[in-house]
Amino acid sequence: MATIRDVAKAAGTSIGTVSRAFNGYRDINTETKERIFSVAHQLGYSPNINAKSLSSKVSRNMGLIVSGFLDSDKRNGFVLSLLKGTYRYAYEQNLEIALYTLDAEQQKTKTYEQFCTEHSIFGAVLSGVATNDVYFNQLVKAGFPCVLIDVYIKGDGLGCVSIDNVKAAEEMTNYLLDANHQKIVVVQGKKQTEVNSYRIAGIYAAMQKRGLELCRENILNGEFREHIAYEETKRYIQEHGKKGATAFMCLSDVMALGVMRAIADLGYSVPDDFSVTGFDGIPIAGYTTPGLTTIEQDMEKIGYRAAEVLLDLTRNPKQSPNIYVAYEFIERNSVKRL
């Protein structure tokens, strides 16, 4: 990675001149500035944000970077809740916070380090990232703290805040098994996301402890989208009728909405014909008919804790905390005991 020394050498100037150019000093002629900026761009160099904070070793600005924003379902409201939580903490600490939306392709245009530097943020809370995203693979070497939502990562200055998704999914599976549902179809989200993997792992663990198996044909790919879950469920029921599943375990409430709609459109009812469970605890889950049994996670609290951890990492950069926020099992009327 290019340093200020590399830029100075390539531009034929001193390190001090490069530093003064990036800090806006007016005693450098336009031609020299342009040459420095051009070389810096070619080398992929961005000035160190800490060097620009003359009165403090830490910038007062933090970022909330949301990946895959356009792909998120409008009903889940996660981004708003997450922003509220991070903003509340930032307000209490007299910090500034900005929301940025970047998809996987945009992450290729500049590194995480460059992004933080150019936007004058000391680090970011990163939500919606997949392990195959560009930024995920840059974080360990970036030199800027980062807290991921729902994705465990190990490295100095890096942290994760989430609920215990494995434990929560195991609890929901046991709930269905205790209600004598052994023919369970799982409607999973995006397979490449860590949160989906954790929840699937919890389901497998619960079933294995009871000597049961989850067949691959009983896993539908809902992609965390309502309309996809709707189509997959409709196809499954049209193929199997009531001889297949007795319960649909959805790894998000948004997908559960699609499942319940598909069941109704085919002339069946919840829970008399099929039981349905969700995951996440979005507000609308309490207003469906019947109300949806789900795992509720407090995204506002998760956002608050993530911002808290991020600031702490600037003071203690050798840490790599993995924080679990408590979840709540919400029992409503969408599951019938057989």
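Note that the structure is predicted; figures quoted are calculated from it, not measured. The residues of the chain are indexed from 1 along the displayed sequence.
Annotation: side chain of V335 is in contact with side chain of Y175 (closest heavy-atom distance under 4.5 Å).
The backbone N or O of T111 sits less than 3.5 Å from a side-chain atom of Q114, completing a donor-acceptor pair. Remark: side-chain polar atoms of T233 are paired, donor with acceptor, to backbone N or O of A229 under 3.5 angstrom. Distance alone, capped at 3.5 Å, places no donor-acceptor pair between the S38 side chain and the E34 backbone. Under the 3.5 Å distance criterion, the side-chain polar atoms of T294 are left unmatched by any main-chain donor or acceptor of I330. Between the side chain of R337 and the backbone N or O of D178 there is at least one donor-acceptor pair closer than 3.5 Å.
Between Q188 and N221, the side chains place a donor N or O and an acceptor N or O closer than 3.5 Å (distance only, hydrogens not considered). Judged purely by distance below 3.5 Å, without hydrogens or angles, the side chains of E96 and Y87 never pair a donor atom with an acceptor atom. Side chains of N132 and Q192: no donor on one and acceptor on the other come within 3.5 Å. In this structure, a donor-acceptor pair under 3.5 Å is absent between the side chains of Y204 and E213. T32 and N29 share a donor-acceptor pair across their side chains, judged by distance under 3.5 Å alone. Counting only N and O atoms by type, the side chains of N316 and D312 include a donor and acceptor under 3.5 Å apart.
Separation of atoms NZ (K9) and OG1 (T3) is listed at 10.0 Å; rounding is to 0.5 Å.
A salt bridge between E308 and R305 is present, with a side-chain N of the basic residue lying under 4.0 Å from a carboxylate O of the acidic one. Of the charged side-chain nitrogens involved, at least one lies within less than 4.0 Å of a carboxylate oxygen, so that E300 and K84 count as a salt-bridged pair.
Residues H240 and Y236 bring their aromatic ring centres within 6.0 Å. The aromatic ring centres of F115 and F144 sit 6.0 Å or more apart.
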Side-chain donor/acceptor pairs under 3.5 Å, residues 261-271, sequence neighbours excluded:
from	atom 1	to	atom 2	distance (Å)
D265	OD2	Y230	OH	2.8
S269	OG	D273	OD2	3.3

Extract all donor-acceptor atom pairs below 3.5 Å that involve side chains of residues 153-172 and protein atoms in other chains or at least two apart in sequence.
from	atom 1	to	atom 2	distance (Å)
D164	OD1	V166	N	3.4
D164	OD1	K167	N	3.1
N165	OD1	R199	NE	2.8
N165	OD1	R199	NH2	3.1
N165	ND2	I163	O	3.3
E170	OE2	K209	NZ	2.5
E171	OE1	Y327	OH	2.7

For this session: Determine, stepwise, if the pair V151 / F136 fulfils side-chain contact (heavy atoms from CB on, under 4.5 Å).
Result: CA-CA 9 Å; V151 182; F136 181 83; 3.5 Å; yes
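Between L292 and T288, the closest heavy-atom pair is N-OG1, 3.4 Å. Closest approach of G281 and D253 over heavy atoms only: N-OD2, 2.5 Å.
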